[in-house]
Protein chains: 2
Amino acid sequence: MRSTAEARRVTVLNTAVSVFARAGFHATPVTAVAAAAGISEAYVFRLFAGKLGLFVAAAGACFDRIAEAIEAGAERATGDSPEEILDTMGGAYAELIADRDLLLFQVQAQAVTDIPEVAEAVRAGYRRVATFVQDRAGASDAQVQQFFAYGQLCHLIVTAGLEQVPEPWARALTAGIRHP
Amino acid sequence: MRSTAEARRVTVLNTAVSVFARAGFHATPVTAVAAAAGISEAYVFRLFAGKLGLFVAAAGACFDRIAEAIEAGAERATGDSPEEILDTMGGAYAELIADRDLLLFQVQAQAVTDIPEVAEAVRAGYRRVATFVQDRAGASDAQVQQFFAYGQLCHLIVTAGLEQVPEPWARALTAGIRHP
DNA sequence: TTTGTTTGTAAGTGTGCACTCACACACTTG
DNA sequence: CAAGTGTGTGAGTGCACACTTACAAACAAA
């Protein structure tokens with residue numbers, strides 16, 4: 001017994017987030033995840049209920065990490081106006097997604113929401129994050145909406161590589177966006 | 001000769017947008033597009049340079065339709081303040097994506113931007129739409145950015161099915177969004 | 001009619017991949 | 001030590017699907 005199954009599941013999930021992030025659910029063979037995690041394909045199938053079970057569990061892990069980062073970030077807020085707290089949360093999020101994996105995974109998950117289990121996982125993830133933002137920052141509906149709208153804009157900026165585009169329209173879309 | 005190849009290409013592209021919109025590039029066999037278009041798989045391969053060529057061409061058709069709708073919508077603006085024109089453009093876009101195909105196709109295209117040809121097609125699409133919005137509405141960078149941020153929020157709302165979620169966080173995210 | 005061109009297809013071919021199964025090794029308990 | 005339990009894999013199996021090829025029918029021009 002080299003490791004417990006539960007510990008394996010955790011490491012596999014983290015690598016799964018990274019690997020699925022690049023090419024998405026359908027274009028990523030589970031051999032790729034297995035190889036990245038350093039175990040055999042067969043064992044991945046023993047640890048999770050099929051490729052779909054693996055992806056859904058990875059989505060859970062992805063949103064867990066996002067929620068934790070935002071929750072931890074909120075603690076660092078200096079003032080307690082909604083604007084200040086939202087700003088600090090945004091900063092924590094920007095910091096977290098610097099490596100792109102969590103952001104790209106979200107995009108990939110949104111793309112396979114035609115699979116009901118994935119749609120539910122995405123809703124569960126945003127439910128957790130959005131309710132926390134709303135409650136903790138004491139923000140209005142409009143502020144919460146704006147927070148997520150600009151978050152989604154980040155997805156476009158990163159997937160389309162707009163930071164690298166010097167034209168005016170691209171500069172307008174990326175203006176003031178943190179980090180990417 | 002039942003039809004010219006060029007006419008076929010147009011009809012195939014429109015069906016391709018609809019069919020790819022549902023399950024995305026990798027999960028959609030070209031037989032599905034061929035069947036929906038009423039022709040054989042082999043002929044699709046004769047009309048387009050592989051599955052990727054078909055998808056990239058479909059992306060072009062998708063953004064063409066969006067750009068045309070926004071350009072036509074801008075004509076209907078009553079005033080000429082940036083706010084009014086942006087609002088009218090937003091309305092035209094909301095109207096266009098009522099059938100979801102164009103919106104979902106954009107999401108699917110963003111998910112396969114790891115393929116350089118697709119990334120370039122996405123950039124070309126947003127280049128056309130964003131420059132038009134900026135020039136025609138005479139909007140500031142911040143206004144253009146906001147316009148697209150809330151457009152991207154629509155993608156999340158539709159893919160995650162948030163209109164159907166009665167909880168407060170979902171109501172906050174969907175508040176005031178037109179149509180979906 | 002014959003020759004050529006374009007539209008269209010049926011029937012493959014090869015490959016990649018999800019998933020299974022029989023088996024082996026590690027470790028524990030009695 | 002023997003028997004049991006959990007961890008891990010090699011070697012398949014079967015199917016879906018991207019792409020090709022050989023062939024046919026419609027139309028045009030001579």
Side-chain angles (χ1 to χ4, degrees), chain A residues 1-59 105 108-109 111-112 114-118 121, chain B residues 1-59 105 108-109 111-112 114-118 121:
Chain A
M1 229 183 279
R2 300 293 292 250
S3 170
T4 73
E6 207 46 53
R8 276 292 191 204
R9 264 185 271 262
V10 172
T11 68
V12 171
L13 282 183
N14 282 324
T15 61
V17 169
S18 295
V19 177
F20 278 128
R22 324 227 194 262
F25 179 70
H26 293 290
T28 305
V30 333
T31 19
V33 176
I39 63 176
S40 72
E41 186 194 11
Y43 196 37
V44 174
F45 278 101
R46 175 162 294 184
L47 290 173
F48 296 93
K51 187 184 181 179
L52 179 57
L54 172 62
F55 188 84
V56 169
F105 188 93
Q108 299 299 348
V112 282
D114 59 314
I115 304 171
E117 293 93 327
V118 175
Chain B
M1 232 182 282
R2 301 291 296 254
S3 171
T4 75
E6 208 44 56
R8 276 290 190 208
R9 264 186 270 264
V10 173
T11 69
V12 170
L13 282 183
N14 282 322
T15 62
V17 169
S18 295
V19 176
F20 278 127
R22 325 229 194 259
F25 179 69
H26 293 291
T28 305
V30 335
T31 22
V33 176
I39 63 174
S40 72
E41 186 194 10
Y43 195 37
V44 174
F45 279 100
R46 173 160 297 181
L47 291 173
F48 296 93
K51 187 185 181 179
L52 180 57
L54 171 62
F55 188 85
V56 170
F105 187 94
Q108 298 298 348
V112 282
D114 59 313
I115 304 170
E117 293 93 325
V118 175

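By convention in this document, chain letters (A, B, ...) are assigned in the order of the sequence lines, proteins followed by strands, and residues within each chain are numbered from 1. Side chains are part of it too, since the values below use all heavy atoms of this structure and drop only hydrogens, waters and symmetry mates.
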Enquirer: So, using side chain to side chain contact (heavy atoms under 4.5 Å, CB included) as the criterion, who are the partners of B/Val30 when residues are at least two apart?
Expert: B/Glu41, B/Phe45, B/Lys51

Enquirer: By a strict heavy-atom criterion of less than 4.0 Å, which residues belonging to residues 23-30 of chain A are in contact with DNA chain C?
Expert: A/Thr28, A/Pro29, A/Val30

Enquirer: Not counting sequence neighbours, which residues clear side chain to side chain contact (heavy atoms under 4.5 Å, CB included) with B/Thr28? List them please.
Expert: B/Val19, B/Phe20, B/Ala23, B/Ala32, B/Val33

Enquirer: Side chains of A/Phe48 and A/Val56: does their closest heavy-atom pair fall under 4.5 Å?
Expert: no

Enquirer: Rounded to whole angstrom units, what separation is found between the CZ atom of B/Arg9 and the C1' atom of C/dT7?
Expert: 11 Å

Enquirer: In whole angstrom, give the distance that lies between atom NZ of A/Lys51 and atom P of C/dG16.
Expert: 15 Å

Enquirer: Should the pair A/Phe55 and A/Phe105 be assigned to parallel (<30°), tilted (30 to 60°) or perpendicular (>60°) ring geometry?
Expert: parallel

Enquirer: If you find the nucleotide of DNA chain C closest to B/Leu47 and the one closest to A/Phe45, which residue's nucleotide is nearer the 5' end?
Expert: B/Leu47

Enquirer: Assign A/Ala42 to base, sugar-phosphate, or nothing according to its heavy-atom contacts below 4.0 angstrom with the strands shown.
Expert: base

Enquirer: Measure the spacing between OG1 of B/Thr11 and CD of B/Glu6 and express it to the nearest 0.5 Å.
Expert: 10.5 Å

Enquirer: Please report the distance, rounded to the nearest Å, between CD1 in A/Ile39 and P in D/dT9.
Expert: 6 Å

Enquirer: Can you tell me which nucleotide in C/dT7, C/dA18, D/dT20 comes closest to the side chain of B/Arg46?
Expert: C/dT7

Enquirer: For the atom pair CD1 (A/Ile115) and NE2 (A/His26), what is the distance rounded to the nearest 0.5 Å?
Expert: 4.5 Å

Enquirer: Take the protein atom CZ of B/Arg8 and the nucleotide atom C1' of C/dG8, then report the distance between them rounded to whole Å.
Expert: 8 Å

Enquirer: Reading DNA chain C from 5' onward, which residue's closest nucleotide shows up sooner: B/Ala5 or B/Glu41?
Expert: B/Ala5

Enquirer: I need the CZ-P distance between A/Phe55 and C/dC19, as an integer number of Å.
Expert: 14 Å

Enquirer: Whole angstrom is fine here: how far is it from OH in A/Tyr43 over to C1' in C/dA24?
Expert: 14 Å

